[in-house]
Amino acid sequence: MIIKFLGTSDAQGVPRINCNCQVCTVDDGYNWRRRPSVLISYDNKTALLDVSPDFKQQYIMHHNHGLIPDTVLFTHAHNDHIAGLGDYADLCFWNKVNSRIVGSPEVISQLVQRYPYLANRDSIKFFGCKEFTLGEWYIQFVKVNHGHNGYSYGLVFSKKDYRWAYVSDSFNMTEEQLSYFLNLDTLILGTSYWEEKTQKDKRSVYSVTEAFEIKEILKPTKMVLTHLSHDINADIMSKQLPENVFFAFDGMELQF
Ligand SMILES: Nc1ccn([C@@H]2O[C@@H]3COP(=O)(O)O[C@H]3[C@H]2O)c(=O)n1
């Protein structure tokens, strides 16, 4: 399985509209990030993990040799993770691709409420579930706290000799929630800011400094940080990351 990060930003993307900060105004490309989505390639097939508002641009940039993903796995139904669903569905429609929209039952019912016209398309099947498989990979949807934004799901992908997880939107996870992500080969964790000053009850995503503490608890072999806001100047800050911790960037690939 190869995954490619199509978008590694927070909800607003980088650069933010009308922002004059150093990261948003330096056009070096490296810190420019589209909204969160991941392309998964396995067994000569492809799937998406979330479909961001930037889907059309992301698909054109990384057009994936024309291979249209036939499955979309969703972490949660917030705008920055789902707003490309209409464009994705139309791409499938015009190319006669049948697709599966997969997420926890509550996420699927939120998606159906927000996109009622898609629920009536014969070529799209909605699957509300807590577990799923892609080829030889078993996938578990784990409900995690997302601070003042409610709940989201972390996805754990397992096969015989490898376990990795994608937890883009979480904050203040309970011990029980954390236990699903223990001793992974790779943990992909969302961290919007380097260090957060905002009061805890107004927050929804971990900071980079908190990720260091989580690494000590969960002990992943490798940790990749995504969902990065304009606070993260990866050129400079990646030098301050501990061993085996990396910032994701748009277009980055990982092989599992
Ligand atoms: N019920 C909600 C709540 C929030 N949202 C959007 O998701 C974004 C998450 O990051 P944010 O910066 O808090 O902005 C949120 C809304 O755009 C949403 O789409 N639905």
Side-chain angles (χ1 to χ4, degrees), residues 5-21 23-24 31-38 48-58 72-89 101-119 126 128 141-155 165-173 177 188-211 214 225-234 247-248 250:
F5 290 86
L6 302 183
T8 57
S9 77
D10 66 347
Q12 296 184 64
V14 185
R16 288 188 179 186
I17 296 171
N18 272 351
C19 180
N20 294 317
C21 81
V23 168
C24 288
N31 282 307
W32 282 35
R33 308 177 182 111
R34 291 178 178 79
R35 264 67 69 82
S37 178
V38 173
L48 285 165
L49 182 35
D50 291 332
V51 188
S52 90
D54 301 319
F55 169 72
K56 183 182 170 193
Q57 244 191 332
Q58 291 168 327
V72 186
L73 310 171
F74 279 100
T75 57
H76 62 311
H78 282 176
N79 185 63
D80 46 330
H81 295 256
I82 66 169
L85 187 54
D87 282 350
Y88 166 75
I101 305 295
V102 185
S104 78
E106 68 187 285
V107 169
I108 292 301
S109 71
Q110 288 163 0
L111 287 171
V112 169
Q113 275 172 32
R114 281 169 89 150
Y115 296 89
Y117 72 102
L118 296 182
F126 286 83
F141 291 78
V142 179
K143 192 168 189 172
V144 293
N145 293 338
H146 186 13
H148 85 119
N149 271 342
Y151 298 95
S152 167
Y153 283 79
L155 275 62
Y166 183 81
V167 195
S168 59
D169 291 58
S170 69
F171 182 62
N172 221 5
M173 278 193 266
Q177 291 170 356
I188 301 169
L189 185 73
T191 55
S192 294
Y193 289 76
W194 183 270
E195 194 164 5
E196 278 272 14
K197 303 276 188 278
T198 313
Q199 67 188 66
K200 262 193 148 187
D201 60 347
K202 299 265 189 303
R203 293 185 47 202
S204 55
V205 176
Y206 284 115
S207 67
V208 175
T209 52
E210 287 160 347
I214 288 174
L225 305 177
T226 190
H227 208 280
L228 308 170
S229 77
H230 65 164
D231 185 53
I232 303 299
N233 186 336
F247 286 125
D250 289 20

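The figures here come from the full heavy-atom set of this structure, side chains too, leaving out hydrogens, waters and symmetry mates. Numbering of ligands and ligand atoms starts at 1, following listing order.
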Where the closest heavy atom to atom 20 (N) of ligand 1 is concerned, which of Arg203, His148, His78 has it?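 Looking at heavy atoms only, the winner is His78.
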Option nearest atom 6 (C) of ligand 1 (shortest heavy-atom distance, choices Asp169, Asn149, Asn79, Val205):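 Shortest heavy-atom distance from atom 6 (C) of ligand 1: Asn79.
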Looking only at protein heavy atoms, which one is nearest to atom 10 (O) of ligand 1, and how far off is it?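 Nearest protein contact, heavy atoms only, for atom 10 (O) of ligand 1 is Ala11 CB, 3.4 Å.
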For Asn233 and Val23, indicate whether the former's side chain and the latter's backbone hold a donor-acceptor pair under 3.5 Å.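 No, Asn233 side chain to Val23 backbone: no donor-acceptor pair under 3.5 Å.
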Asp250 (side chain) donor-acceptor with Thr8 (main chain) under 3.5 angstrom: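 Flag set: sc Asp250 to bb Thr8 pair under 3.5 Å.
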Check whether any heavy atom of Arg114 sits under 4.0 Å from an atom of ligand 1.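 The answer is yes: ligand 1 sits under 4.0 Å from a heavy atom of Arg114.
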Does the protein place a non-hydrogen atom closer than 4.0 angstrom to atom 2 (C) of ligand 1?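 Under the 4.0 Å cut-off, atom 2 (C) of ligand 1 does have protein heavy-atom neighbours.
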Element-labelled atoms of ligand 1 that are located less than 4.0 Å from some non-hydrogen atom of Asp80: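 Result: 7 (O), 8 (C), 9 (C).
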Assess, by modelled atom type and distance only, whether the side chains of Asp169 and His81 contain a donor and an acceptor separated by less than 3.5 Å.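 Result is yes, a qualifying pair exists.
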Quick one: do the Ser37 and Asp50 side chains pair a donor with an acceptor below 3.5 Å?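 Judged by distance alone, the side chains do not pair up.
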Euclidean distance, Lys143 NZ relative to Glu106 CD, rounded to 0.5 Å: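 Taking CD in Glu106 and NZ in Lys143, the distance rounds to 3.5 Å.
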